[in-house]
Amino acid sequence: MTPKNISTAVVPQYSKNDFAEEVRAGLCRTGQKELPSKYLYDEVGSALFEVISVLPEYGLTRADERLLQRHAADIVTRLKSHVLVAELGSGSGKKTRWILEALARRQRTTYCPIELSPTALARCESELGQIDCVSIVGFERSYLDGLLAAAAGRREDDHVLVLFLGSTIGNFDRDAAERFLMEVRRILFPGDALLLGTDLEKPLDQMLDAYDDELGVTAAFNINILARINRELGADFNLAAFRHQVRYDSNFQRIEMHLRSLVDQSVTIPRSGCSVSFTADETIWTESSHKFRAGDIPALAKRCGFHCDSQWLDSQWPFAENLLIAE
Ligand code: AVJ
């Protein structure tokens with residue numbers, strides 16, 4: 001393994017050039033303007049998401065945590081012994097703790113959080129570094145590069161358990177999600193496992209409220225992407241001239257977050273080398289959160305080279321943890 005020293009890593013999450021170029025590509029295109037949702041998560045955006053995850057309207061994170069806490073023992077008994085755990089996104093560490101503690105009761109365990117943000121990696125290490133019989137090796141890489149590097153460190157009789165929690169898979173378009181799961185599968189050996197968290201379809205009002213909370217935290221989370229473009233690319237977005245908007249597209253079974261321009265206006269983005277005009281009511285599409293049906297997961301798993309060994313559903317907030325085994 002070639003672990004990065006997670007406490008001294010300084011590589012920025014994305015190079016400024018990528019950000020400038022992707023902003024230009026997303027805003028200067030004809031048709032629906034869009035921004036990649038990964039750019040919602042700078043320091044401010046990540047802190048706002050932490051607040052979202054404790055809002056009464058947003059039950060997703062609590063459901064994920066409840067399921068892992070309640071069923072960790074059951075989940076790990078379904079795994080072959082000697083497990084190397086690789087987590088895509090280091091998360092808050094809270095929910096991962098249950099799995100690691102359950103595994104460490106059986107054997108010593110290596111935990112490889114994979115995360116582009118050095119701050120998040122460092123937090124993960126301080127949160128989970130104290131568990132007996134668990135050693136942490138962080139990878140400051142993108143998901144697939146990091147997984148490849150982490151899996152390369154497996155010992156002969158190790159099985160890999162990939163954790164992809166919190167329904168982050170829902171941020172991918174359906175076909176991109178399938179391609180991504182196939183890529184994960186290609187890195188794994190038969191018998192390796194993927195624990196996949198998926199938020200499930202629920203009554204419309206509940207879904208809309210979860211992304212449009214009364215306090216306005218999700219609105220701030222969304223508008224922060226424009227503030228970030230101002231901060232990092234020297235743009236002159238007037239934040240008060242855009243409004244957070246949430247839609248549910250039942251065809252695609254997804255929540256969409258948009259930023260709606262309240263007036264005709266134009267914005268200059270110097271470090272992207274462009275100006276962008278907006279007509280009143282025109283939107284920038286900033287995120288999709290696809291929702292799933294528990295019954296559809298086994299077929300999805302099959303198409304990607306896995307079989308669905310078991311599912312655990314939350315009774316308070318429709319959400320599923322799915323244990324997929326590589327075929
Ligand atoms: C962290 C990606 C799962 O899609 O529900 C929360 C992000 N966006 N509120 C989600 C989010 C708006 C969240 N994920």
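In listed order, ligands and their atoms are each counted from 1.
In this structure, atom 13 (C) of ligand 1 lies nearest to the protein heavy atom Tyr58 OH, 3.2 Å. Looking only at protein heavy atoms, the nearest one to atom 7 (C) of ligand 1 is Tyr41 OH, 3.1 Å.
Looking at ligand 1, you won't find any N or O of Thr218 less than 3.5 Å from one of its N or O atoms.
Between Phe164 and Tyr143, the two ring planes are perpendicular [angle over 60°; tilted spans 30° to 60°]. Between Phe49 and Phe221, the two ring planes are tilted [angle within 30° to 60°].
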Let me check something: any side-chain donor-acceptor pairs from residues 176-183 under 3.5 Å, sequence neighbours excluded? List them with distances.
| from | atom 1 | to | atom 2 | distance (Å) |
| --- | --- | --- | --- | --- |
| Glu178 | OE1 | Arg303 | NE | 3.2 |
| Glu178 | OE2 | Arg303 | NE | 3.0 |
| Glu178 | OE2 | Arg303 | NH2 | 2.8 |

Show me the side-chain donor-acceptor pairs of residues 267-277 shorter than 3.5 Å, one per line, residues at least two apart or across chains.
| from | atom 1 | to | atom 2 | distance (Å) |
| --- | --- | --- | --- | --- |
| Arg271 | NE | Glu232 | O | 3.1 |
| Ser272 | OG | Ala20 | O | 2.9 |

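The Phe221 neighbourhood of ligand 1 comprises atoms 8 (N), 12 (C), with distances under 4.0 Å to a heavy atom of that residue. Listed by number with element, the atoms of ligand 1 under 4.0 Å from a non-hydrogen atom of Phe49 are 1 (C), 6 (C), 7 (C), 13 (C). Near Gly166, meaning under 4.0 Å from one of its heavy atoms, ligand 1 places the atoms 3 (C). Set against the non-hydrogen atoms of Glu287, the atoms of ligand 1 under 4.0 Å away are 7 (C), 8 (N), 11 (C), 12 (C). In the vicinity of Leu60, heavy-atom distances shorter than 4.0 Å reach the ligand 1 atoms 5 (O). Distances below 4.0 Å separate heavy atoms of Asn171 from the following atoms of ligand 1: 2 (C), 4 (O). Residue Ser289 approaches ligand 1 through these ligand atoms, each under 4.0 Å from one of its heavy atoms: 4 (O), 5 (O), 10 (C).
For Gly170, the heavy-atom gap to ligand 1 stays at 4.0 angstrom or more.
Within 6.0 Å of the CZ atom in Arg29, the count of heavy atoms belonging to other residues, nucleotides or ligands exceeds 12.
No side-chain donor from either of Thr283 and Gln245 sits under 3.5 Å from a side-chain acceptor of the other.
No donor-acceptor distance shorter than 3.5 angstrom exists from the side chain of Asn224 to the backbone of Ala227, with no hydrogens or angles considered.
Among Glu201, Glu256, Arg254, the one residue that satisfies the side chain to side chain contact (heavy atoms under 4.5 Å, CB included) test with His290 is Arg254.
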